[in-house]
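Take a look at the structure below.
Each ligand, and each atom within it, is numbered from 1 in the order the structure gives. Remember, it's a predicted structure, so these values are computed and weren't measured experimentally.
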Amino acid sequence: MKAAVVNNFSQDLEIKDVSVPELEYGDVLIKVHTCGVCHTDLHAATGDWPAKPNLPLIPGHEGVGIVEKVGEGVKTVKVGDRVGVPWLYSACGECEYCLVGKETLCPDRLYSGYLVDGAYAEYCKAPGNYVVKIPDELDAVEAAPILCAGVTTYKALKVSGAQPGDWVAIYGIGGLGHIAVQYAKVMGFNVYAVDIQDDKLSLAKKLGADKTVNSAKTNPDESIQNDIGGVQAAISVAVAQKPFEQAYHSIKNGGTLVAVGLPSDELPVPIFDTVANEITVKGSFVGTRKDQQEALALAAQGKIKANISTESLDNINEIFERMEQGKIDGRVVLKISE
Ligand code: NAD
Ligand code: ZN
Ligand code: ZN
């Protein structure tokens, strides 16, 4: 089968023929129709996170396809089902986190397209218990970005503590951020969108953002504090340290910074202000299978529509280059097979 393979960090991925994965107990084989390109895949290919993936690696964790084969022990999906392969490849099912439905915190969790080969390929395998059923209302292209960008931002907003009518700021209107704007509106929040590029802010406006600020031209935290007195929650999905600091300083007393983007920097926060203003700083990591169902259900109702351009797997290196330069509007979805 054809796949895009990371052989060495910071070198082009190789488009090559590799063998179709062999199923182990509990696995299903999926014929991949589409896969979204997440910035995490670029982190995987450059190896810039503290915990690096093992190489060679096939990235991809927004895969959508049809189950073509089920292995021994699979009870929850059958041949012909349309499923998604998300970031959470598997978890143990038994630990203190798994037992309460917080499987994304499982110490034994595995990640698709990072610790295990993912969906930048004509076929991939995944445990039947951890693939996600795709609602009929969504086609394979529309569904792909919901599997990571969608669920991640939906869950980050859910844990932000913001209530309908509150202001939230979204820092970084890329693949995740432009979807975050839409979930935030569905959840009844007022949205302040922040990016360093005007075209990203125009997209945010089109998708319902109430206000925008270009942080390359104006200090965004000062503007937000002066304009509305700060936001209840700020979600940073940008891949740099500065927007995290700015997001922190846009919050009003009692508010929350939700860290979602994954630059490999430290986050300096002032202890005095955090204590005296009762600020919460929290991380949010993808979403559980239940969060996936909810995020997909909102998309199936037509309320969340990613701004998608479709491309071929052969173009992956050029797509990564554009992503690095911030030249993608929304999400790229690879069309891998019919
Ligand atoms: P992307 O490249 O599509 O978007 C990044 C956006 O940030 C772009 O719009 C860019 O213009 C903007 N940006 C860059 N510098 C900025 C700055 N200084 N201030 C404001 N905006 C700035 O990336 P993506 O696919 O949306 O992923 C974003 C990050 O989220 C990546 O680090 C990725 O690994 C991470 N991620 C985290 C989770 C999680 O579970 N926490 C899940 C998926 C992705
Ligand atoms: Zn992702
Ligand atoms: Zn577990």
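Residue contact check: Trp49 has heavy atoms under 4.0 Å from atoms 34 (O) of ligand 1. Atoms of ligand 1 found under 4.0 Å from any heavy atom of Gln197 (numbered from 1 in listed order, with element): 11 (O). The atoms of ligand 1 that sit less than 4.0 Å from any heavy atom of Gly172 are 7 (O), 12 (C), 21 (N). Counting atoms of ligand 1 from 1 in the listed order, those under 4.0 Å from a heavy atom of Ile173 are 9 (O).
Judged by the shortest distance from any of its heavy atoms, Ile196 lies inside the 4.0 Å radius around the atoms of ligand 1. No heavy atom of Gly326 sits closer than 4.0 Å to any atom of ligand 1. Contact annotation: His43 has at least one heavy atom less than 4.0 Å from an atom of ligand 1. Within the 4.0 Å heavy-atom shell around ligand 1 one does not find Phe244. For the pair Gln246 and ligand 1, no heavy-atom separation below 4.0 Å is found.
Proximity of a side-chain donor or acceptor of Lys52 to a complementary backbone N or O of Gly47 within less than 3.5 Å is detected.
Between Tyr192 and the choices Asp227, Asp210, Thr212, the side-chain hydrogen bond (donor to acceptor under 3.5 Å, both in side chains) rule is met once, by Asp227.
The aromatic rings of Tyr120 and Phe320 lie tilted to each other, with the angle between the two planes from 30° to 60°.
At the top of the distance list for atom 23 (O) of ligand 1, counting protein heavy atoms only, stands His39 CB, 3.1 Å.
Among Ala44, Cys148, Ala238, Ser264, the residue whose heavy atom lies nearest to atom 43 (C) of ligand 1 is Cys148. Residue nearest to atom 26 (O) of ligand 1, selected from Leu176, Thr40, Thr152, Val258: Leu176 (by heavy-atom distance).
Tyr154 and Glu294 are linked by a side-chain donor-acceptor pair at a separation below 3.5 angstrom, with hydrogens and angles left out of the test.
To the nearest 10 degrees, the angle centred on the Zn ion (ligand 2) between SG in Cys148 and SG in Cys38 reads 130°.
When heavy-atom distances to ligand 1 are checked against a 4.0 Å cut-off, Ser284 comes that close only through its backbone atoms N, CA, C and O.
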